[in-house]
Protein chains: 2
Amino acid sequence: MGDTEDRRVLRTKKRIRDTFAELIEEKGLDRVTVKDLTEQADINRGTFYLHFHDKYDLLEQSEAEILNGIKQIAKELDDVDMNNWKKENGPHPAAEKYFTYLKEHALFVRAVLGPKGDPGFQRKMKTLIADGIKKKFAGKERKSQPFPADYLIAYLVSAHLGVVQHWIENGLQESPEEMAKIISSMNYDGPLVASGLKKDSS
Amino acid sequence: MGDTEDRRVLRTKKRIRDTFAELIEEKGLDRVTVKDLTEQADINRGTFYLHFHDKYDLLEQSEAEILNGIKQIAKELDDVDMNNWKKENGPHPAAEKYFTYLKEHALFVRAVLGPKGDPGFQRKMKTLIADGIKKKFAGKERKSQPFPADYLIAYLVSAHLGVVQHWIENGLQESPEEMAKIISSMNYDGPLVASGLKKDSS
DNA sequence: GAGGTAATCAACACCGTGTTGATTTTCTAG
DNA sequence: CTAGAAAATCAACACGGTGTTGATTACCTC
C-alpha cells in the first residue's frame, strides 16, 4: 500500500530519468523531445504521459527530488551546528554528507547544472545555499557597511556553486572533505590568501 | 556599401532582438517560438527566416554581439594595465567602462543571464572573465598550493558573475565605479573582511 | 523616378505533442 | 499458483509550430 510500490513504474521512471539526464547533457534540455527520450529509453511514448504531464513536469519532479535531499541534509547540519560544534574541529559536520550526496546524484546534477542544463535549477540551488549562509551570519554584526549585504550573499553563494560545478564537471576528483575545506578556507581567509597567492593581511 | 545598411533590415532585426529579450524573460528561452516572436514583434514569420536560420541562430548572434563588446573592453583594459597604471589610483581603468557596457545592454543580458535564460551564455561569460583573471595572475607565484588553481579561478569567476547578476536583476542600483570596488575588495581582502563581518586577519 | 531588395502573404509537407481506446504484458495479493 | 488489477504497448487522431517556396507588394538607395 506504499505510494508507488509496483516494480514496473519504478523501473520505467528510473529509465526515463536516467535517459533524461543523458540526453540533457548530449543535446541540451530544450532540444530534448519526449519522442527522443522514450525511444532512447526504449519505452512507449504513451507510457511517458502515464507518469508525467510533459517534459517540464519531469524536470520539476527530478529537480525537486534532489533539492529535497539537500534540504534534508541542511536540516541535520543546523541541528548539529547549534549544539555540539564550536568551530575548528573538523572541516564541517554534515558538509561532507552534502558533497557525498551530490556525488551520488552526479549524473543528473551535472546535466542540469551544465551549460546545456536548466538555469532555473541553479537559481534554486542558490536559494538553498543562501539560506544556509544567512543562518550562519544570523546574530553577527557588521562593523562597517561598505555595500548592501545582498552582495556579500550573492558573492558567497555564487562562488560556492561555481566551485561545486567545477568539481562535478571535472570528474569529482577531491574528496568531500577536501571540498568542504577548499570552500570554507576561501570564504574565511579570502580566495587569494587561501590559495597561497597573497600573504595573510599584507 | 556597408554590410547591412538598409534601414529596413536594421529596423526588423532590432525589433526581433528586442522582442526576443522580452519573451525570454516572460516565458523562458525554450518556450519562445518563432511564431510568438514574430507575432509580438509584428513581423511576418517568413521575414524572420530571411535573417536567421532558427531560434538558436538568433540566440547565438545576439550573444556573440554582447561578448564581442566585452572582449573589446577587456582588450583596452589590458593595454592600459600594462603601461600607466600601478594599483590604488582609482578602482580600475576600464572596469567602469565594462559595467557601463553591461548597463547599456541590460535588457538582453538580464534575460539570458536570468533563471529562464541560457546557461550556455553564463558559461561563455565565465570563460571571458576567467581569461581576464588569469592575465592578472600571470607571473605571480603561489607560496603554498592547498588545492588546484582551477578552484581559485572557478571561485573568483563565479563570484564575479554572481555579483553582476545580482546587480542587473536588482535594477542596476550602484554605479559602475561602486560595482568595481565591491567586487575587487571582496576578492582582495576576502568577502568577510570586505563586508565588515570580520576584522582584518583576526 | 527606376531598379533592386526587403517585407508580406498564402500554401505546403513535416514533425513532435498530448490524448484516446483497445489490447497485451506484468505484477501483487490472496 | 492463480485471478484480478494495474501498467505498458500500439495505432490513430487533431493540433500547433517549423522551415521553405513562389508570387506580390512596399520601401529604400542611388
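Being a predicted model, the structure only gives us computed values, none of them experimental. Note that these values count all heavy atoms, side chains included, but never hydrogens, waters or copies made by symmetry. Just so it is clear: chains get the letters A, B, ... in the order the sequence lines come, proteins before strands, and each one is counted from 1.
- B/Asp54 comes within 4.0 angstrom of sugar-phosphate atoms only, judged by non-hydrogen atoms across all strands, and of no base.
- In this structure, B/Phe121 and B/Phe108 have perpendicular ring planes: the angle between them is above 60°, well past the 30° mark.
- Nearest approach of A/Pro119 to B/Pro119, heavy atoms of both residues: CD-CD, 3.7 Å.
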Show me the donor-acceptor pairs within less than 3.5 Å that the side chains of residues 39-53 of chain B make with the rest of the protein, sequence neighbours left out.
| from | atom 1 | to | atom 2 | distance (Å) |
| --- | --- | --- | --- | --- |
| B/Glu39 | OE2 | B/Lys35 | NZ | 3.2 |
| B/Asn44 | OD1 | B/Gly46 | N | 2.8 |
| B/Thr47 | OG1 | B/Asn44 | O | 3.4 |

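- When heavy atoms are screened at a 4.0 angstrom cut-off, A/Arg8 is found touching base atoms of the nucleic acid.
- Contact annotation: A/His53 side-chain N/O to C/dT17 OP1/OP2 distance is not under 4.0 Å.
- In this structure, A/Thr47 reaches the bases: a heavy-atom distance under 4.0 Å links it to at least one base atom across the strands shown.
- Shown here is A/Lys124, whose NZ atom has more than 12 heavy atoms of other residues, nucleotides or ligands within 6.0 Å.
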I'd like a list of close polar pairs between nucleotides 20-23 of chain C and the protein, N/O only, cut-off under 3.5 Å.
none

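- When each of B/Arg7 and B/Val32 is assigned the nucleotide of DNA chain D bearing its nearest heavy atom, the one mapping closer to the 5' terminus is B/Val32.
- At least one donor-acceptor pair closer than 3.5 Å links the side chain of A/Trp167 to the backbone N or O of A/Glu174.
- Contact check, B/Tyr49 against D/dG19: a side-chain N or O comes under 4.0 Å of OP1 or OP2.
- The distance between atom CZ of A/Arg31 and atom P of D/dT18, rounded to the nearest whole Å, is 12 Å.
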* Report the C-alpha separation of A/His160 and B/Tyr151 in whole Å, then their side-chain angles, then the decisive distance to 0.1 Å, and conclude whether the ring-ring contact (aromatic ring centres under 6.0 Å, His included) test is met. => CA-CA 10 Å; A/His160 176 112; B/Tyr151 283 103; over 10 Å; no
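- Using a 4.0 Å cut-off, no side-chain N or O of A/Thr33 falls inside it from OP1 or OP2 of C/dC15.
- C/dT24 atom P lies 21 Å from atom CD1 of A/Ile43, rounded to whole Å.
- Remark: B/Thr12 is in phosphate contact with C/dA7, judged by side-chain N or O atoms under 4.0 Å from OP1 or OP2.
- One atom, NZ of B/Lys35, and another, P of C/dA11, lie 16 Å apart when rounded to the nearest Å.
- Of the charged side-chain nitrogens involved, at least one lies within less than 4.0 Å of a carboxylate oxygen, so that A/Arg123 and B/Glu169 count as a salt-bridged pair.
- For B/Tyr56 and D/dT18, the OH to C1' distance is 12 Å, given to the nearest whole Å.
- Helix-axis bend for the helix from C/dG1-D/dC30 to C/dG30-D/dC1: the local axis fitted to the five terminal pairs at one end deviates from that at the other end by 50°, rounded to 10°.
- Atom CG in A/Asp42 sits about 12 Å away from atom C1' in D/dA8, given to the nearest Å.
- At least one cation-pi condition fails for A/Lys181 and B/Phe147: the charged atom is not both under 6.0 angstrom from the six-membered ring centre and inside a 45 degree cone around its axis.
- For the pair A/Lys27 and A/Asp36, the salt-bridge criterion is met [side-chain N within less than 4.0 Å of a carboxylate O].
- Separating the CG atom of B/Asn44 from the C1' atom of D/dT18 is a distance of 14 Å, rounded to the nearest angstrom.
- Phosphate proximity of D/dA8 to A/His51: present, with a side-chain N or O under 4.0 Å from OP1 or OP2.
- The CG-C1' distance, from B/Asp57 to D/dT18, rounds to 15 Å in whole Å.
- In this structure a side-chain-to-backbone donor-acceptor pair under 3.5 Å is missing from B/Lys55 to B/Val34.
- Rounded to an integer number of Å, the gap from CZ of B/Phe52 to C1' of D/dT20 is 18 Å.
- Between B/Arg45 and B/Arg11, it is B/Arg11 whose nearest contact on DNA chain C lies nearer the 5' terminus.
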